[in-house]
There are 2 protein chains.
Amino acid sequence: MKIVEVVDVIESSDITGSSLWKRGWKDIEDSIHAIDWPHGSGTFSLNPEGKHANGVKPIKEPALNLLKDRGWKVESLPSELSGVKMGNLDALYSSSEIENIGFEWETGNISSSHRAINKMLHALLKGGLIAGVLVVPSQAMRRYITDRVGNITELREYFYVWSQVSIRKGLLRIVAVEYDQLDRSVPLIPKGTDGRARR
Amino acid sequence: MKIVEVVDVIESSDITGSSLWKRGWKDIEDSIHAIDWPHGSGTFSLNPEGKHANGVKPIKEPALNLLKDRGWKVESLPSELSGVKMGNLDALYSSSEIENIGFEWETGNISSSHRAINKMLHALLKGGLIAGVLVVPSQAMRRYITDRVGNITELREYFYVWSQVSIRKGLLRIVAVEYDQLDRSVPLIPKGTDGRARR
DNA sequence: TATGGATCCATA
DNA sequence: TATGGATCCATA
């Protein structure tokens, strides 16, 4: 998969110069590039037939596997991060006990992206994270995958709100990702039975 | 319906003393008290059979009708509110061209409540609103209505984040509401076919 | 029970 | 196409 846009909604105190961040961001870039479809093919081909015909659940698996291999804590994160009682982030990287980078792959509903960001803001405010990265599909991907999934277009109007939260030291980065190519010969990504799916 | 909790997450510059607010809040209280089930019965009785067996869509209708009667603009709000490009709020009250009170009845998914609040924060920051009110079901109601609907319990952890947004002049109020009584003899509130419902 | 998610709806 | 919503799933 490829990265088509990177936006730093909050950036204070030169986080991007730290060695922790450099390693963490390298891992994140590599993990996004590792995402392929069909799994194992080495490139992300998306079948453009139909409207919203591809599911989203299996997409992130190669990324989380790579992060796990690189020493990130995946799923089952500590429910307390510097006093922030929150549900899990998708992955967490920490070199010390003090500095953490949070990673969220957002293919839930767009409204869920608001919660994910509010959660990372909470941890940034309390010092539980020094950086939070949210990955969402690009505008071009929207029509091919499950309807109403998180996307960068609908988040744009809110960048201003999040930029008004005073974080002394922290980075909030939003990354838009996209298929490498469209290809009618690959299988559609399967959908689950959750949400309002017919069962 | 009854109000069981009122939380002012942001309150700056004594909005609650203004006459616009006093009239607007009176309307909101009256509109919540006007919500009944079955519609026309004058009191909100909820059938407690089953898990998450009641739908939520018809609940807010009596409230919005009352607000409309009191001169609030309901639905189809201007898509631009002091430069804030946003989707509609459920209702808007304005005595002048300048001062507006926004009203959101939240029975979408809990994550949608995060978007609703982020949206009202945006308008508060830009001066499009002087007050925003979000109404959500109480903890006690959760088990009887559609699963994962917005509720005050899951929002509590985020009050801190929203309180950190510097609003010069504005109020952000969250209101928890609840049935007047449980009653196995009333009909279940019908559900729509959206979401992951079987059709 | 709690929590992030995945899915499709309705209307403009 | 755009946008708020409504509904049920999966797992801890």
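Not measured: the values here are computed from a predicted model. We name chains A, B, ... by the order of the sequence lines, and we start the count at 1 in each one.
Checking C:dG4, C:dC8, D:dT7 against the side-chain heavy atoms of A:Arg148 singles out C:dC8 as nearest. Closest to the side chain of B:Lys60, from the set C:dC8, C:dT3, D:dA6, is D:dA6.
Atom CG in B:Asp90 sits about 15 Å away from atom P in C:dT11, given to the nearest Å. In this structure, CD1 of B:Ile59 is placed 14 Å from P of D:dG5, rounded to the nearest angstrom. Distance, A:Ile189 CD1 to C:dA6 C1': 13 Å, rounded to whole Å. Going from atom CG of A:Leu89 over to atom C1' of D:dA12 covers 16 Å, rounded to whole Å. Taking atom OH of residue B:Tyr144 and atom P of nucleotide C:dT1, one finds them 9 Å apart after rounding to whole Å. Atom-to-atom, NE2 of A:His52 to C1' of C:dT7 comes out at 11 Å; the value is rounded to the nearest Å. In this structure, B:Ile145 places its CD1 atom 14 Å from C1' of D:dC8, rounding to the nearest Å. If you take CD of B:Glu61 and C1' of D:dA6, they are 14 Å apart, rounded to a whole angstrom.
Nearest-nucleotide positions on DNA chain C place A:Trp105 closer to the 5' end than the other of A:Trp105 and A:Asp147.
Not one side-chain nitrogen or oxygen of A:Thr146 sits closer than 4.0 Å to the OP1 or OP2 atom of C:dA6. Between B:Lys51 and D:dC8, a side-chain N or O to OP1/OP2 separation shorter than 4.0 Å is absent. When the side-chain nitrogen and oxygen atoms of A:Lys57 are compared with OP1 and OP2 of D:dC9, none of them lie within a distance under 4.0 Å. The shortest distance between the side-chain N/O atoms of A:Lys191 and the OP1/OP2 oxygens of C:dC8 is below 4.0 Å.
Look at B:Glu29 and B:Lys2 and you find no salt bridge, because none of the NZ, NE, NH1 or NH2 atoms lies under 4.0 Å from a carboxylate O.
A:Ser19 meets the side-chain hydrogen bond (donor to acceptor under 3.5 Å, both in side chains) test with no other residue; sequence neighbours excluded. For the salt bridge (Lys or Arg N to Asp or Glu O under 4.0 Å) test, residues two or more places apart in sequence or in another chain that qualify with B:Arg70 are B:Asp27, B:Asp30. Residues satisfying the salt bridge (Lys or Arg N to Asp or Glu O under 4.0 Å) test with B:Glu5, not counting sequence neighbours, are B:Arg156. Remark: A:Tyr93 pairs with A:Trp72 by the ring pair (Phe, Tyr, Trp, His ring centres under 6.0 Å) rule, at least two apart or across chains.
For the residue pair B:Thr43 and B:Gln181, a side-chain donor N or O sits within less than 3.5 Å of a side-chain acceptor on the partner.
Within the nucleic acid shown, B:Gln139 comes within 4.0 Å of sugar-phosphate atoms alone, with no base atom in reach, counting heavy atoms only. Nucleic acid contact for A:Glu157: none, since no nucleic acid atom lies under 4.0 Å from a heavy atom of the residue.
Residue pairs satisfying the salt bridge (Lys or Arg N to Asp or Glu O under 4.0 Å) criterion with at least one member in residues 8-21 of chain A, sequence neighbours excluded, are listed as follows: A:Asp8-A:Arg173.
Near DNA chain D, meaning a heavy atom under 4.0 Å away, the residues from residues 107-116 of chain B are B:Thr107, B:Gly108, B:Asn109, B:Ser112, B:Arg115.
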